[in-house]
Amino acid sequence: MNEFTPENEVRDDALETTPEETVPTEDTPAEVTVEETVPEEKPAKKKKVREEQSVEDELRELAYMEAADLDYLPKPVTRVRKNGHPFLVSFLFFFVLFIVLFFVTAHNVFGSGWIKNMINGTGNFQTFTIPVVQHEELEDRYYQDDGRYTVEGVALTCTPSIVTIEAYTGSTIFASYSQGSGIIMTSDGYIITNAHVIEDADLTIIVRLYDGTEYNATVVGSDSRTDLAVLKINASDLTPAQFGDSDQLELGEQVVTLGSPAGLESTVTTGIVSGLNRMISVESDNISMECIQIDAAINPGNSGGALVNMWGQVVGITSSKLEAVEYDNIGFAISINAAIPIIEELIENGGILGRPKVGISFYEISSTMSSIYGIPAGLYIAAIDEECDISNTDLEIGDVITEMDGTTVTSADDVYEVIFQYSSGDEITATVLRMDDDGNWNEFEITFKLEEDTTSSIQETE
């Protein structure tokens with residue numbers, strides 16, 4: 001029997017006030033019962049907090065409603081507006097894609113200069129870029145250990161791309177007055193050669209292929225200043241040459257020339273690169289072109305033929321006129337990197353459009369010649385073109401032009417370097433010296449307009 005204690009009294013009171021509670025036993029200490037009754041006050045506090053928040057939210061909502069009618073306050077954003085023009089976005093995407101594809105396709109079809117031709121209003125949208133071709137694989141015996149061809153491999157691969165060219169005039173009906181070589185550039189009949197090979201061919205030009213087939217050729221464009229020309233024959237499925245990078249050549253590198261010297265077709269000679277970056281001009285008034293010096297034999301008839309590296313790639317255009325006839329084993333070929341821009345423009349425009357000229361013929365007086373002959377260094381005037389504006393100045397034959405546009409000039413290269421900064425029709429000033437009766441040189445200035453150089457033009461030859 002349990003004794004009466006204060007603890008029991010508390011438990012009895014608890015039983016009377018909270019009948020739903022279970023009377024603790026010996027296994028359940030009274031302290032546990034006390035701890036469980038304390039948290040009953042917490043829900044009341046949470047409810048009070050929620051009521052306070054609810055009142056605050058209601059007050060805030062009322063404040064928003066009151067402020068809604070005030071124009072100077074920003075309106076609350078109720079929803080995010082989605083893009084309402086998906087069609088427009090898709091249209092712009094495909095339009096930009098179309099423009100990109102159009103320009104890429106136009107470049108491939110019309111070449112790199114069609115936009116310039118369209119803007120200039122020439123009506124000739126056709127431009128040209130030399131195509132890239134691949135050689136057919138040969139037997140192993142035609143290759144060196146490093147993958148380059150042997151000379152036999154070069155001859156076998158490249159000879160079908162070389163043609164013989166014969167030019168006829170009305171006074172040489174039964175024999176050609178000029179004979180040279182050419183390089184097949186495209187399978188549909190574009191052929192590179194030297195301008196002097198087909199110069200004055202007023203009757204016909206015959207192109208003979210490797211297999212003996214002959215065609216009449218049309219001159220697409222010719223530029224005597226650089227001694228380059230392009231012909232076209234009505235043929236298909238030709239074997240075009242592969243063109244390389246002449247800037248990659250090294251001194252001493254083996255090269256091969258192919259052409260028809262003295263009419264001996266499919267002639268192959270070999271040698272090495274004897275010099276690079278030689279600035280050579282065919283004639284004294286021609287533009288100096290970057291040339292490759294070689295020791296391989298070059299003779300009349302080789303002009304317009306190919307200089308080929310041991311990969312079978314054309315790296316130069318040989319010319320017998322660039323040969324140093326006074327010396328042995330010194331020949332030159334126009335580097336293909338210097339020739340390609342001229343060739344492409346000849347095909348696009350039939351000539352080099354807008355190239356300016358002065359309208360004079362002269363002797364080059366260097367500082368050495370000046371000290372020997374007592375003539376000022378400069379351009380000793382030998383002739384003046386009456387159709388050019390310079391003929392309207394005080395310039396006379398025997399005068400010496402020492403400066404153009406403030407730059408000292410003693411050679412054709414100096415003149416071209418100055419005037420090629422201008423266009424035909426532009427005015428330029430030159431400083432001139434003239435000897436008086438007492439042997440004194442008097443200085444004066446002349447101003448004249450540059451003329452368009454028409455030595456580069458289409459020749460209508462059938």
Side-chain angles (χ1 to χ4, degrees), residues 128-165 180-194 207-211 228 230-231 235-261 264-274 276 290-298 301-319 331-340 343-344:
F128 184 81
T129 301
I130 292 180
V132 178
V133 300
Q134 299 294 330
H135 293 313
E136 294 184 2
E137 189 172 350
L138 305 179
E139 298 178 17
D140 291 343
R141 63 191 180 95
Y142 292 110
Y143 295 94
Q144 302 181 45
D145 293 339
D146 60 358
R148 292 182 295 177
Y149 289 113
T150 60
V151 176
E152 298 91 331
V154 171
L156 182 61
T157 299
C158 301
T159 299
S161 302
I162 307 303
V163 301
T164 299
I165 299 174
S181 306
I183 306 168
I184 297 176
M185 184 168 44
T186 64
S187 60
D188 61 348
Y190 281 97
I191 296 170
I192 305 170
T193 188
N194 285 138
V207 170
R208 187 160 47 252
L209 304 183
Y210 170 71
D211 61 4
L228 292 172
V230 178
L231 308 179
S236 60
D237 298 325
L238 301 179
T239 303
Q242 184 182 106
F243 294 86
D245 184 357
S246 55
D247 290 340
Q248 299 299 317
L249 288 173
E250 297 181 359
L251 283 175
E253 182 176 342
Q254 187 177 15
V255 289
V256 175
T257 66
L258 300 99
S260 303
L264 301 173
E265 300 178 12
S266 303
T267 295
V268 178
T269 61
T270 185
I272 63 169
V273 175
S274 303
L276 294 169
E290 182 183 286
C291 293
I292 304 161
Q293 181 184 335
I294 57 177
D295 68 348
I298 297 178
N302 272 118
S303 292
L307 177 68
V308 182
N309 62 18
M310 302 311 293
W311 298 100
Q313 300 170 328
V314 176
V315 292
I317 302 170
T318 57
S319 174
F332 297 96
I334 301 171
S335 70
I336 198 64
N337 286 15
I340 283 177
I343 293 167
E344 292 179 345

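Just the heavy atoms: all of them, side chains too, but no hydrogens, waters or symmetry mates, feed the values below.
The environment of Asp140 atom CG is sparse: at most 12 non-hydrogen atoms of other residues, nucleotides or ligands sit within 6.0 angstrom. Around CG of Asp145, the count of heavy atoms belonging to other residues, nucleotides or ligands within 6.0 Å does not exceed 12.
Between Gln313 and Ile336, the closest side-chain pair of non-hydrogen atoms is not below 4.5 Å. Between Thr269 and Val256, the closest side-chain pair of non-hydrogen atoms is not below 4.5 Å. Residues Thr239 and Ile184 fail the side-chain proximity criterion, which asks for heavy atoms closer than 4.5 Å. When side chains are defined from C-beta on, Asp188 does not count as touching Ser236, because their heavy atoms never get closer than 4.5 Å. Using a 4.5 Å heavy-atom cutoff, the side chains of Leu276 and Glu253 are not in contact. Between Tyr190 and Ile343, the closest side-chain pair of non-hydrogen atoms is not below 4.5 Å.
For the atom pair Ile317 CD1 and Leu228 CG, the distance stands at 5.0 Å (nearest 0.5 Å). If you take CD on Glu152 and CG on Leu138, they are separated by 11.5 Å, rounding to the nearest 0.5 Å. Note that CD1 of Ile292 and CZ of Phe332 are 11.0 Å apart. Values are rounded to the nearest 0.5 Å. Atom OG of Ser246 sits about 11.5 Å away from atom CD1 of Ile334, to the nearest 0.5 Å. Considering CG of Leu307 and OG of Ser319, their distance stands at 12.5 Å, rounded to 0.5 Å.
Here the options are Met310, Arg148, Glu137, the test is side-chain contact (heavy atoms from CB on, under 4.5 Å), and the partner is Tyr143; only Glu137 passes. The side-chain contact (heavy atoms from CB on, under 4.5 Å) with Trp311 is formed by just one residue from the set Val315, Val308, Asn309; it is Asn309.
Pairing each heavy atom of Ala306 with each of Ile162, the nearest pair is CB-CD1, 3.7 Å. Heavy-atom minimum distance, Asn302 versus Ala297: OD1-O, 4.1 Å. Across every non-hydrogen atom of Ala155 and Pro160, the tightest pair is O-CD, 4.4 Å. Summarising the geometry of Tyr210 relative to Ser266, their closest heavy-atom pair is CD1-OG, 3.6 Å, with the distance given to 0.1 Å. The two residues Ile294 and Val273 come nearest to each other via the heavy atoms CG2-CA, 4.5 Å. When all heavy atoms of Ser181 and Gly259 are compared, the pair lying nearest together is OG-CA, 3.4 Å.
Proximity of a side-chain donor or acceptor of Thr270 to a complementary backbone N or O of Val255 within less than 3.5 Å is detected. Remark: side-chain polar atoms of Ser187 are not paired, donor with acceptor, to backbone N or O of Pro240 under 3.5 angstrom. Of the possible donor and acceptor atoms, one in the side chain of His135 sits under 3.5 Å from a partner among the backbone N and O of Gly312. With Gln144 contributing its side chain and Tyr149 its backbone, the two residues share a donor-acceptor pair below 3.5 Å.
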_With side chain to side chain contact (heavy atoms under 4.5 Å, CB included) as the criterion, how do Met185 and Val230 come out once you've worked through the C-alpha distance, each side chain's angles and the decisive distance to 0.1 Å?_
CA-CA 9 Å; Met185 184 168 44; Val230 178; 4.2 Å; yes
*asked:* side-chain hydrogen bond (donor to acceptor under 3.5 Å, both in side chains) for Asp295 and Ser274? Distances and angles first, verdict last.
replied: CA-CA 6 Å; Asp295 68 348; Ser274 303; 4.5 Å; no
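Between the side chains of Asn337 and Ser335, no donor N or O sits under 3.5 Å from an acceptor N or O.
Residues satisfying the salt bridge (charged side-chain N to carboxylate O under 4.0 Å, His left out) criterion with Asp237, sequence neighbours excluded, are absent altogether.
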